[in-house]
Asker: 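One structure follows; several queries about it will come next.
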There are 2 protein chains.
Amino acid sequence: MTGTAPRPTLEAVAERAGVSRATVSRVVNGGDGVREPLVERVRKAVEELGYVPNQAARSLVTRRHDAIAVIVAEPESRVFADPFFALQLRGISKELTAHDNQLVLLLTEGRDDHARVGRYLAGGHVDGALVFSLHLDDPLPELIQRAGVPTVFGGRPGWSGDGRGVAYVDVDNRGGARDAVRHLAGLGRTRIAHITGALDQTSAVDRLDGYRDVMVDADPRLIVESDFTPAGGERAMRELLTRCPDLDAVFAANDLTAAGALRVLRETGRRVPDDVAVVGFDDMLPVTEQTEPPLTTIRQDIEEMGRLMARLLLRGLERNATEEGIAAAPSSVVLPTTLIRRASA
Amino acid sequence: MTGTAPRPTLEAVAERAGVSRATVSRVVNGGDGVREPLVERVRKAVEELGYVPNQAARSLVTRRHDAIAVIVAEPESRVFADPFFALQLRGISKELTAHDNQLVLLLTEGRDDHARVGRYLAGGHVDGALVFSLHLDDPLPELIQRAGVPTVFGGRPGWSGDGRGVAYVDVDNRGGARDAVRHLAGLGRTRIAHITGALDQTSAVDRLDGYRDVMVDADPRLIVESDFTPAGGERAMRELLTRCPDLDAVFAANDLTAAGALRVLRETGRRVPDDVAVVGFDDMLPVTEQTEPPLTTIRQDIEEMGRLMARLLLRGLERNATEEGIAAAPSSVVLPTTLIRRASA
DNA sequence: GTGAAAGCGCTAACAG
DNA sequence: CTGTTAGCGCTTTCAC
């Protein structure tokens, strides 16, 4: 592992093809306005020399990087551990790749990292950013906004400021929750409880709102706050069982929570779905298919969400580059959910 | 979102501080060989102007990018779904961040992407690469090797070619497997079965070897090939139960597989650990703590593995830059494992 | 110790 | 349509 071959430059290609650097540049960048025979010659020279453009030199003049930052805040590192993250990343990666953009991953561990991220963004290393803003009080959104980098958020940012102009992609948490509760009601259940997610995240708040939409004057004791974890689900379920031993259904804010609830239900001798029907949210396959019984849940297409985030951002950048001026902020998108019926409800 | 403020250049800072560009450059890059008062003045100007170096311009002359590619092959997308990936990424990210390096993530979906990755690497966009080579027949390792980019692999690459000079970080799969089986034997078990992982991955092969090290002349029927998935674990367990109804212990190649096995064991009325003791591998908390009973397993420190990969690579790059010449390939590292005792064995 | 000057490899006017 | 000419912002000899 020694000799790093000196890569050929435009100049070299130009010489070999017997044309000027400008012509080679044109060909390399699409070849518009160059006559066929020349194009041919240049292509051949590029091929023979194994020429690859130097991105640094190019960026220096174009001020574009064809690179997008993906910023993941993982305060509790909990969010990070589930397949969610990987799926979104995959969706993003696919879309970026399809448009020849690079994915620069920025993981933030806490307050300390915010400054670093801010600096990086302000440094103009990337053309845009995709951000997963997990918590309501997260300082990241504002920081990013200040850096002046075009951004699309994953999940509606729970931003105290006016949300105008903030582009995001989210799933229809509220609608999905409504579907879940309606399904339960359709099964003839009347004492439908809800175990919430971590309420400092908009997804949890929206799901709770959806529950309330349907259970307009629900017994407040049927709602118990939790945190999206299995352990939290267990605790919440125990609490619920104490408060309302007569409940006949549970809508859990996510599958992990539902799995915890299921376990407690089983332990305490309740049959699912006969005694208590259970619906989750997410449709995380590794979870929903492994619970006993398999979990009825609300599916959201995570990968598609990632893909859409990238698409929205890229489109915005394009427009910005061409129309230049009244650059419309890319509008937000809310993805639909679907109820997946399994055995638990 | 309109006015993109024109970022200040070295020139601007120099003017404001009343020095030359060269001096500013020196200060920005460590400030060696510049007198204190000047350093002070420059620092102040940098601060006031909010100057951030233009990485593209810098790379153009230094030929360094302070960026590392992380390449994840995810053929079945299975590997991708579990927390493994996220944890390794986190370890890598931390280490890179600590050394002011950027993480460029390259996800490959299949054959088509290989060419793209090869081109990217050859394009000299990054200073090095971290690669998770998942399968024995993966063409990626060779491709990367050819691109001439310093690389560290995650997990021993199952490379047909001579493995000399290939740097990797792995856990002691074989040793861990031995520990698992010895633990079972220490419990007085004699009919110890093994459900293998996907044998096109070195980790699975090594764990099988470890099993064999201890069970020198094991009944071959006690070994059944599987694929690291829960469903695979179920299938394998059923098969085992048919072949050897008298087995009294199972060492599963990973926790997911063990979870599947546990389920079948329960279904078929076996008590764990009384009738059959079970040990897994990985210690994936979300799994091991949720099984019934909680799973005894072999822990590996995934995050540390990621961190080490990055450290190894960065160190290699440094050396390469300084000693320049007999740049020793960074040697490989094998991390230890520990047995975590829970209720299943 | 500090400054002046020469590029790094590329694109983008501008001529021809 | 093609070539010539300036730089993009920075580092790095080389003089002073």
Side-chain angles (χ1 to χ4, degrees), chain A residues 4-43 45-46 49-67 100 122-125 127 321-322 324, chain B residues 4-43 45-46 49-67 100 122-125 127 321-322 324:
Chain A
T4 311
R7 301 203 289 121
T9 72
L10 252 201
E11 184 91 47
V13 178
E15 188 176 0
R16 179 168 196 117
V19 298
S20 73
R21 270 167 25 214
T23 300
V24 178
S25 176
R26 284 178 191 119
V27 172
V28 170
N29 294 294
D32 300 332
V34 179
R35 266 205 197 82
E36 196 45 46
L38 270 200
V39 172
E40 203 70 4
R41 264 201 356 245
V42 172
R43 288 250 165 76
V46 166
L49 263 40
Y51 169 76
V52 185
N54 179 320
Q55 184 63 42
R58 181 180 276 175
S59 290
L60 187 54
V61 35
T62 61
R63 279 131 192 306
R64 297 197 75 256
H65 300 84
D66 297 316
D100 273 312
H125 300 281
D127 303 327
T322 48
E324 186 72 273
Chain B
T4 311
R7 300 200 292 121
T9 71
L10 251 201
E11 184 90 49
V13 178
E15 188 177 1
R16 179 169 196 116
V19 296
S20 74
R21 277 173 14 222
T23 300
V24 179
S25 176
R26 285 179 189 117
V27 172
V28 170
N29 295 295
D32 299 331
V34 180
R35 270 209 192 76
E36 197 43 49
L38 271 201
V39 173
E40 203 70 6
R41 268 211 337 259
V42 172
R43 287 251 164 76
V46 165
L49 262 39
Y51 168 77
V52 184
N54 179 320
Q55 183 63 41
R58 181 179 278 177
S59 290
L60 188 54
V61 34
T62 61
R63 277 128 193 309
R64 298 197 73 257
H65 301 85
D66 296 315
D100 272 314
H125 301 281
D127 302 328
T322 48
E324 186 73 276

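Labels below follow one simple rule: chain letters A, B, ... track the order of the sequence lines, proteins then strands, and each chain is numbered from 1.
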Asker: Whether the side chain of A/Arg7 engages the backbone of A/Val52 through a donor-acceptor N/O pair (distance < 3.5 Å, no angle test) should be reported.
Answerer: yes
Asker: Would you say B/Arg21's side chain and B/Ala14's backbone share a donor-acceptor pair under 3.5 angstrom?
Answerer: no
Asker: Do B/Arg58 and B/Val28 have side chains that approach each other closer than 4.5 Å (heavy atoms only, starting at C-beta)?
Answerer: yes
Asker: Under 4.0 Å between a side-chain N/O of A/Ser20 and OP1 or OP2 of D/dT2, yes or no?
Answerer: no
Asker: Over how many whole Å does the gap from A/Glu36 atom CD to D/dT2 atom C1' extend?
Answerer: 15 Å
Asker: For the side-chain contact (heavy atoms from CB on, under 4.5 Å) test, which of A/Asn29, A/Val19, A/Val34 pairs with A/Val24?
Answerer: A/Val19
Asker: Between B/Arg26 and B/Val42, is any pair of side-chain heavy atoms under 4.5 Å apart?
Answerer: no
Asker: So if I define the base as every atom that isn't primed, P, OP1 or OP2, how would nucleotides 6-16 of chain C read as a B/S/- string at a heavy-atom cutoff under 4.0 Å?
Answerer: B-BBBBBB---
